[in-house]
Amino acid sequence: MIVKDSEKTSDISKGLVLLMATVCGFTVANVYLNQTLLVSMSATFHISAASIGIIATLAQIGYALGNLLLVPLGDIFERKKLILFLLFAICIVLALNALSINKAWMMVTSLALGIVTVVPQIIVPLAANIASDHNRGKVLGNVAIGLVCGILGARLVSGFIDVHFGWRMVYWTSAVATLFMIFLVYVYFPRSKGGNATSYKHLLMSLGPLFIKERALQKACVSQGMMFASFSAFWTTLVFLLHTHPYSYGSDMVGVIGLVGIAGAFATPIIGRLIDTKGEKFASLLCMSISLLAFIGLIRGGYWLPGLILGALLITVGTQANQVACQFTIFQLGEEKRSRLNGLYMVSTFLGGSLGSYVGLLAWTKWQWNGVCAIAILMIAISCCSLIPMKIPKKTIGNLMNKKGSNM
């Protein structure tokens with residue numbers, strides 16, 4: 001089966017959507033596996049925990065580079081073959097991670113792992129192309145479940161394997177799981193031909209003009225960039241909150257609360273259906289409102305465990321559902337450039353997440369939990385501003401011109 005970008009299929013099977021979500025979850029998890037393994041790695045390589053922290057940073061930098069350099073290839077190459085090639089590359093790099101003998105080796109392989117782990121961002125445009133116009137939002141919402149489960153579940157699973165079998169086994173396990181994903185993709189994924197016959201050089205050179213031209217893309221990048229920044233600020237500083245009064249919990253509690261976040265991811269299909277019926281702007285405003293109310297409540301409710309769990313649930317729902325709404329928006333700009341649009345969009349989302357982690361830690365250092373909530377509220381407010389129309393009415397322009405002429 002070959003699905004061309006110019007074609008609109010009548011429907012997409014639930015089994016294929018589930019498989020796409022599963023592959024997305026397993027692959028995106030590779031970026032976050034190392035975050036719970038840093039202490040074990042530092043002991044293996046006989047270096048400080050602070051020094052080994054560069055491993056996690058390089059994996060995320062690699063992921064941003066992959067979104068910028070590899071994801072746009074979906075517009076010129078057959079996506080199924082591209083996905084299979086990257087999955088094979090992931091297997092090789094995971095094995096090299098497991099065989100690391102020192103920090104330098106681990107730094108290189110972590111950067112490489114981040115670069116090739118962009119498979120989900122090639123699958124998402126593929127799903128958008130296969131889905132029909134009337135259910136595209138629903139399909140994107142269902143695929144997004146896998147992404148959230150991978151991001152939040154990676155810490156819990158890798159921590160469990162590390163405690164019982166060591167950190168190297170985490171990478172071996174992921175490599176075996178990826179081999180299984182390769183088999184499933186080869187058998188069940190449809191082939192899809194990109195419609196942009198151009199060179200890789202021209203493809204990359206088109207990214208800048210594309211971003212400048214498309215106002216909807218710019219707004220989506222700001223919207224989700226700031227929403228993901230608030231999301232990252234919450235999850236980065238949560239471990240510090242749980243170590244303080246009145247909690248005094250260990251780091252494992254973050255993984256438990258992460259499970260609640262995963263449950264919240266299953267609300268994204270609801271937002272997807274809402275997009276199909278009410279439109280993406282209404283859905284985005286609803287998502288932002290959910291996250292905003294969550295952080296307002298967490299200013300006081302964050303010191304009460306049920307309130308903290310509810311806040312984590314709502315923040316996850318708001319952030320991930322807004323991602324679906326934003327992707328729905330940018331995918332309306334043209335089928336032939338969906339991979340480039342998604343690549344630019346995900347780079348901005350990742351940069352927002354990095355900013356949120358950094359600023360969130362600064363806020364915790366200076367003002368503790370209330371500072372984190374205040375910074376997150378400000379970020380969501382900036383995200384809301386992206387929905388404000390920026391066009392100047394023609395009548396206003398005419399009045400300005402007439403006023404200028406009368407002064408001359």
Side-chain angles (χ1 to χ4, degrees), residues 12 17 20-21 24 120-121 123-125 127-149 151 214-231 234 261-297 310-335 338 341-342 344-346 348-349 352-353 376-377 379-390:
I12 178 173
V17 173
M20 286 180 167
C24 285
Q121 307 315 324
I123 291 178
V124 171
N129 282 359
I130 299 174
S132 55
D133 292 337
H134 73 276
N135 73 341
R136 183 169 292 117
K138 177 184 175 182
V139 169
L140 292 175
N142 284 322
V143 173
I145 293 176
L147 286 168
V148 184
C149 291
I151 292 172
E214 301 292 356
R215 293 285 298 169
L217 174 61
Q218 296 171 20
K219 291 183 177 182
C221 289
V222 173
S223 174
Q224 186 59 13
M226 288 295 97
M227 286 288 285
F228 199 65
S230 65
F231 177 87
F234 172 82
I262 291 175
F266 287 87
T268 53
I270 299 175
I271 295 295
R273 296 187 188 96
L274 191 64
I275 293 170
D276 291 328
T277 56
K278 297 290 186 180
E280 62 273 18
K281 288 186 178 179
F282 177 84
S284 284
L285 183 60
L286 177 61
C287 296
M288 294 172 189
S289 300
I290 291 173
S291 290
L292 184 63
L293 291 175
F295 276 110
I296 292 174
L310 177 62
L313 177 66
L314 294 177
I315 290 168
T316 302
V317 169
T319 304
Q320 300 305 322
N322 187 67
Q323 175 164 314
V324 175
C326 289
Q327 285 180 318
F328 182 93
T329 300
I330 64 174
F331 287 159
Q332 305 308 305
L333 300 177
E335 296 178 6
R338 278 178 178 159
L341 291 167
N342 197 49
L344 289 168
Y345 168 75
M346 289 309 301
S348 67
T349 300
I377 289 171
M379 291 171 175
I380 296 173
I382 295 173
S383 181
C384 290
C385 291
S386 67
L387 295 179
I388 300 175
M390 299 300 293

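FYI, the numbering just counts along the sequence from 1.
In this structure, Phe231 has its ring center no closer than 6.0 Å to that of Phe234.
Taking every heavy atom of both residues into account, Ala21 and Asn142 meet most closely at CB-O, 3.7 Å. When all heavy atoms are compared, the tightest approach of Cys287 to Met227 is O-CE, 3.9 Å. Taking all atoms of both residues into account, the shortest heavy-atom contact from Phe331 to Ala128 is CD1-CB, 3.5 Å. Residues Ile380 and Met288 share a closest heavy-atom pair of CG2-O, 3.7 Å. What you find for Gly352 and Ala229 is that their closest heavy atoms are O-CB, 3.0 Å. The shortest non-hydrogen separation linking Ala127 to Met20 is CB-SD, 3.6 Å.
The structure places CD of Gln224 at 7.5 Å from OG of Ser383, a figure rounded to the nearest 0.5 Å. Atom-to-atom distance recorded for Met346:CE and Cys221:SG is 10.0 Å, nearest 0.5 angstrom. A distance of 10.0 Å separates CG in Leu285 from OG in Ser223, rounded to the nearest 0.5 Å. Rounded to the nearest 0.5 Å, atoms OG (Ser386) and CZ (Arg215) are 10.5 Å apart. Taking CD1 of Ile377 as the reference point, atom CZ of Phe295 lies at 8.0 Å (rounded to 0.5 Å). We find the CE-CG distance between Met379 and Leu292 to be 13.5 Å, quoted to the nearest 0.5 Å.
Counting heavy atoms from C-beta outward, Phe328 and Gln323 have side chains that stay 4.5 Å or more apart.
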(message) Quick one, Leu314 with Leu293, criterion side chain to side chain contact (heavy atoms under 4.5 Å, CB included). Give me CA distance, side-chain angles, the key distance, then yes/no.
(response) CA-CA 9 Å; Leu314 294 177; Leu293 291 175; over 6 Å; no
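Listed for the Asn342 side chain is a donor-acceptor partner under 3.5 Å among the backbone atoms of Gln121. Distance alone, capped at 3.5 Å, is enough to place a donor-acceptor pair between the Ser348 side chain and the Tyr345 backbone. Here the side chain of Thr329 pairs a donor or acceptor atom with the backbone of Ala325 at under 3.5 angstrom. Of the possible donor and acceptor atoms, one in the side chain of Thr319 sits under 3.5 Å from a partner among the backbone N and O of Ile315.
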